[in-house]
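Before we start, here is the structure in question, set down as structure tokens.
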Amino acid sequence: MTQTNSYSKGKTVASMAMLTALAVTADIFLRIPNIAGFLTYEPKDVIITIGAFIFGPLAGLAMALVVCLVEMVTVSSTGLIGLLMNFLASAAFAGVASLIYCRKNTMLRAVIGLIAGSLSMVAVMLLWNYIMTPIYMGVPRQAVLDMFLPVLIPFNAIKAGLNSALVLLLYKGVVTALRKTGLIPTRASHDGGNRRANTITVVIVSAIAVATLLLVMLIFAGII
């Protein structure tokens, strides 16, 4: 590893650490709890997605995991179930959006990515609420299904839409600030790494999808 590459990676890590700290701050201090009794809105996914847009989807997943771990041991009372649900929501939104955007950095791709990320998050959270909410709250699964239309779909759609708008509003300013401080490396030096990271992200997302569908099948089979 050359000294230049080492310095470039150091700047990337420093930038990701700073954005992760901002996401944790947003999670702790800007959250709106107890929506519909058990749902919470926090804008951490805005910062995570901006980081994923800059450094790639794998970096976004790493940031999401760190933020959700900090959330679990600070402001969350839902333990490991909450950690899983929060990470899946952030991974679906930021991971899918950045996977599309990072292939070609245009405003159109950003919008398409955010729409796809929003739809993915809504679908993932519906499935995982169906799986985990009866375990966490001790309610029958029919009660969770009854909440889909009046509560879960509107909440997750509004949350994703608000986060998407904030990403589009704040992204350019964050990138400009990082460029002025010299913390963003040139894209040419990271193209190969981004392609490898995108491949790993696809594998991770696919594994999560397979696990989700297997759990749903076990539920319908009456095994869980």
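The chain is numbered in sequence order, starting from 1.
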Distance in Å, Ile28 CD1 paired with Glu42 CD, rounded so as to fall on 0.5 Å steps: 11.0 Å
Determine the minimum heavy-atom distance between Ala94 and Ile48, stating which atoms define it.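 Distance-wise, the nearest heavy atoms are CB-CG2, 3.8 Å.
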Going through the checks in order, is the side-chain contact (heavy atoms from CB on, under 4.5 Å) test met by Val122 and Lys159? CA-CA 9 Å; Val122 171; Lys159 177 180 179 178; over 6 Å; no
Ignoring hydrogens and geometry, is there a side-chain-to-backbone donor-acceptor pair from Thr133 to Tyr130 under 3.5 Å? no
Could you measure the distance from the CD1 atom of Ile208 to the CG atom of Leu61? Nearest 0.5 Å is fine.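 Separation between the atoms: 7.0 Å.
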Can you get from Leu108 to Ile50 by hopping between Ile, Leu, Val, Met, Phe, Trp and Tyr side chains that sit under 4.5 Å apart?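 Per the 4.5 Å side-chain linkage, Leu108 and Ile50 are not co-clustered.
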Do any N or O atoms from the side chain of Thr106 and from the backbone of Arg109 form a donor-acceptor pair under 3.5 angstrom?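 Such a contact is found between Thr106 side chain and Arg109 backbone.
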Leu127 and Leu215, any side-chain heavy atoms less than 4.5 Å apart: no
Will you find, in the side chains of Asn129 and Tyr136, an N or O donor that is under 3.5 Å from an N or O acceptor?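 Per modelled atom types, Asn129 and Tyr136 side chains form no pair under 3.5 Å.
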Kindly give the heavy-atom pair with the smallest separation between Cys102 and Ala52, and that separation in Å.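 Here Cys102 and Ala52 meet closest at SG-O, 3.6 Å.
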Could you report the tightest heavy-atom contact between Val96 and Gly117, atom names first, then the distance? CG1-N, 3.8 Å
Could you give the distance from OG (Ser118) to CG (Asp45), rounded to the nearest 0.5 Å? 10.0 Å
Verify same cluster id: Ile35, Leu152 (apolar side-chain graph, 4.5 Å): yes
Euclidean distance, Phe87 CZ relative to Leu80 CG, rounded to 0.5 Å: 14.0 Å
Is there a chain of hydrophobic side chains (I, L, V, M, F, W, Y, each step under 4.5 Å between heavy atoms) that links Met137 to Phe155?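 They do share one cluster, since a chain of ILVMFWY contacts under 4.5 Å joins Met137 to Phe155.
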Can you confirm whether Ile54 sits close enough to Met16 that some side-chain heavy atom of one is under 4.5 Å from a side-chain heavy atom of the other? no
What distance separates Asn156 CG from Leu119 CG, expressed to the nearest 0.5 Å?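 The CG atom of Asn156 sits 11.5 Å away from the CG atom of Leu119.
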Evaluate Leu145 against Arg141 for side-chain contact (heavy atoms from CB on, under 4.5 Å), listing each step before the verdict. CA-CA 6 Å; Leu145 286 174; Arg141 287 201 164 84; 5.6 Å; no
Yes or no on side-chain contact (heavy atoms from CB on, under 4.5 Å) for Glu71 and Asn86, after CA distance, side-chain angles and deciding distance? CA-CA 9 Å; Glu71 179 181 11; Asn86 288 324; 3.4 Å; yes
Stepwise side-chain contact (heavy atoms from CB on, under 4.5 Å) test for Leu114 and Asn163: CA-CA 9 Å; Leu114 289 167; Asn163 286 343; over 6 Å; no
Give the cluster check for Val124 versus Leu149: same hydrophobic cluster or not, with ILVMFWY residues linked at side-chain heavy-atom distances below 4.5 Å. yes
Could you check if a side-chain atom of Leu19 sits within less than 4.5 angstrom of a side-chain atom of Met63, using non-hydrogen atoms only?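 Yes, at least one pair of side-chain atoms sits under 4.5 Å.
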Is Leu69 close to Leu65 at the side-chain level, that is, under 4.5 Å between some pair of heavy atoms? yes
Tell me, do Val70 and Asp27 make a side-chain contact under 4.5 Å, heavy atoms counted? no
If the plane angle is over 60° it's perpendicular, under 30° parallel, otherwise tilted; pick one for Phe53 and Tyr101. parallel
Identify whether Leu162 and Leu170 are in the same connected component of the hydrophobic contact network (ILVMFWY, side-chain heavy atoms under 4.5 Å). yes
If you define the side chain from C-beta out and look only at heavy atoms, does anything of Ile158 sit under 4.5 Å from Tyr41? no
When every non-hydrogen atom of Ala110 is compared with those of Leu168, the smallest separation belongs to CB-CD2, 4.3 Å
Would you check if Ser164 and Phe93 make a side-chain contact, meaning some heavy-atom pair closer than 4.5 Å? yes
I need the Leu166 CG to Thr49 OG1 distance, nearest 0.5 Å. 10.5 Å
